[in-house]
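Quick notes on the structure that follows.
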Amino acid sequence: MTTPTQAPPFPPAKVYALSTAFWQTKLIMTASQLGVFEKLSTGPASLEQLAEALTLQPTALHDFLDALVALELLERDGGRYSNSAEADFYLVPGKRYYMGHYLTFVDNFMRPTWDGLDEVLRTGRPQAPQPPERPQPEAAPGKEGTEFFEHTYASADLQRMFMEAQDSLSSEIAWEISRRIDWSRWTRLVDLGGARGNTAGILLQAHPHLTATVFDMPPIEPLFHEHMERLGVHDRAAYQGGDWFQDPLPEGDALLCGHALHNWTAEQRKTVIGKAYDAVRPGGVFMVHDLMIDEDRNRLNPLMLSLAMTLSVGGSGYKASECIGWMREAGFTDVEAVLLQDYDGHTVVLGHKRA
Ligand SMILES: C[S@@+](CC[C@H](N)C(=O)[O-])C[C@H]1O[C@@H](n2cnc3c(N)ncnc32)[C@H](O)[C@@H]1O
């Protein structure tokens with residue numbers, strides 16, 4: 001190796017930051033799990049007060065708290081810490097838009113599968129733990145999605161954690177869909193794969209003329225009723241349990257399928273879209289929303305979600321143009337894509353059924 005005679009032309013900042021990005025993940029996860037944001041939601045506290053309230057040793061606490069300030073999750077005034085406005089809104093248990101369950105979901109469901117990235121690149125197969133009796137993915141492409149949901153819904157705790165995490169993801173986008181789309185044209189909403197009804201509930205809250213049916217897998221029904229009560233829309237919301245690959249779908253004039261088709265293969269997505277076409281009443285609409293890959297494949301978040309799906313359930317991301325193609329093939333007309341959020345590529349594709 002020759003001895004360099006010049007300083008490097010650029011600093012190693014990017015390599016350094018990417019290699020240690022998990023430090024930041026660990027900070028937010030740990031602060032959330034230890035109850036830092038919950039404690040500070042009752043008022044500012046000094047390091048000593050936090051140490052006592054959360055039974056923590058002071059050794060690492062000073063750096064931990066100041067690093068959270070640097071991440072803009074906490075604020076520091078004199079010697080006292082408080083939550084930043086964002087942390088107070090999203091990270092305090094019990095608040096409507098609490099995202100702590102999403103952090104737990106990422107930590108428990110998503111993080112471990114990334115250890116299999118090299119394997120999935122080598123083998124092309126999802127790396128979720130496979131019991132020996134499970135059919136090999138090549139023999140049953142897309143089967144992992146079904147197995148993932150069956151496994152998750154077999155436990156009451158996992159069910160609730162998954163539903164609460166989905167709410168964190170769907171709330172912002174539901175408000176966006178509510179605001180950006182003219183709902184006065186339709187009265188009967190059906191949310192396919194609508195989980196415990198968070199999106200439908202937000203749309204019902206915002207548009208009192210709507211009634212809704214949420215179609216999802218049977219085990220979710222009790223959580224749906226509980227959530228609709230909480231949102232105060234239970235009198236206009238119904239649940240239909242079923243499997244969209246096997247069962248007929250409920251009819252409506254505005255069908256929705258959000259943040260769900262990335263769990264499946266392209267062929268499976270086409271099946272769901274085709275069945276949605278049959279269930280949309282003439283003159284009605286079908287909307288698919290998801291983090292969609294941009295045409296030039298430059299936006300990071302949808303590419304990362306796509307990889308996460310390939311790693312875990314054998315699904316993948318897709319482009320709005322592909323979704324438009326599947327919708328046209330199913331029979332929908334005037335199909336168009338509307339970008340809802342630039343930062344993560346969340347897009348809604350709308351297709352109409354002729355009256
Ligand atoms: C990633 S979650 C998205 C939930 C919700 N649409 C949202 O935006 O938060 C996918 C949903 O699809 C549902 N799902 C998966 N397979 C299904 C099937 N075969 N039939 C009906 N629903 C299904 C799951 O139970 C889950 O609630």
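Not measured: the values here are computed from a predicted model. Counting starts at 1 for both ligands and their atoms, following the listed order.
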Tell me, yes or no, whether the heavy-atom count around E52 atom CD, taken from other residues, nucleotides or ligands under 6.0 Å, exceeds 12.
->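 It does not: E52 CD has 12 such atoms or fewer within range.
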
Between [X] and ligand 1, is there a nitrogen or oxygen pair with a distance under 3.5 Å?
| X | result |
| --- | --- |
| H262 | no |
| F245 | no |
| H289 | no |

For ligand 1, indicate whether the residue F149 contacts it via side chain, backbone, both or neither (heavy-atom separation under 4.0 Å).
->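 Only the side chain of F149 comes within reach of ligand 1.
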
At under 4.0 Å between heavy atoms, which part of W264 makes contact with ligand 1: side chain, backbone, both or neither?
->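 Within the 4.0 Å criterion, W264 contacts ligand 1 through side-chain atoms alone.
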
Would you say [X] touches ligand 1, if touching means a heavy atom closer than 4.0 Å?
| X | result |
| --- | --- |
| D216 | yes |
| N263 | yes |
| G242 | yes |

Describe, in one word, how the ring planes of F89 and Y97 are oriented to each other, choosing from parallel (under 30°), tilted (30 to 60°) and perpendicular (over 60°).
->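 Aromatic pair F89/Y97 classed parallel.
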
In terms of ring plane angle, is the pair W183 and W186 parallel, tilted or perpendicular, where the classes change at 30° and 60°?
-> perpendicular

State plainly whether the residues D216 and R196 are in salt-bridge range, i.e. N to O under 4.0 Å.
->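 Here D216 does not pair with R196 in a salt bridge, since their nearest N and O are not under 4.0 Å apart.
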
Does K95 pair with D88 as a salt bridge, N-O distance under 4.0 Å?
-> yes

Taking all atoms of both residues into account, what is the closest heavy-atom pair of M161 and F109, and its distance?
-> SD-CE1, 3.6 Å

Closest non-hydrogen atom pair between L291 and D344, with its separation =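 Distance-wise, the nearest heavy atoms are CG-O, 3.4 Å.
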
I need the atoms of ligand 1 closer than 4.0 Å to a non-hydrogen atom of [X], numbered in the order shown.
| X | value |
| --- | --- |
| A195 | 4 (C), 27 (O) |
| G258 | 3 (C), 5 (C), 6 (N), 7 (C), 8 (O) |
| Y153 | 24 (C), 25 (O), 26 (C), 27 (O) |
| Q166 | 1 (C), 2 (S), 3 (C), 9 (O) |
| H259 | 1 (C), 2 (S), 3 (C), 8 (O) |

Closest non-hydrogen protein atom to atom 4 (C) of ligand 1, residue and atom name please, with distance?
->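 Checked against all protein heavy atoms, atom 4 (C) of ligand 1 sits closest to G193 O, 3.3 Å.
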
So, the side chain of R328 versus the backbone of T333: is there a donor-acceptor pair under 3.5 Å, distance only?
->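 Looks like no, no N/O pair under 3.5 Å.
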
Determine, for Y277 and K353, whether the Lys NZ or Arg CZ falls below 6.0 Å from the six-membered ring centre while staying within 45 degrees of the axis.
->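 The answer is yes, since K353 meets both limits relative to Y277.
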
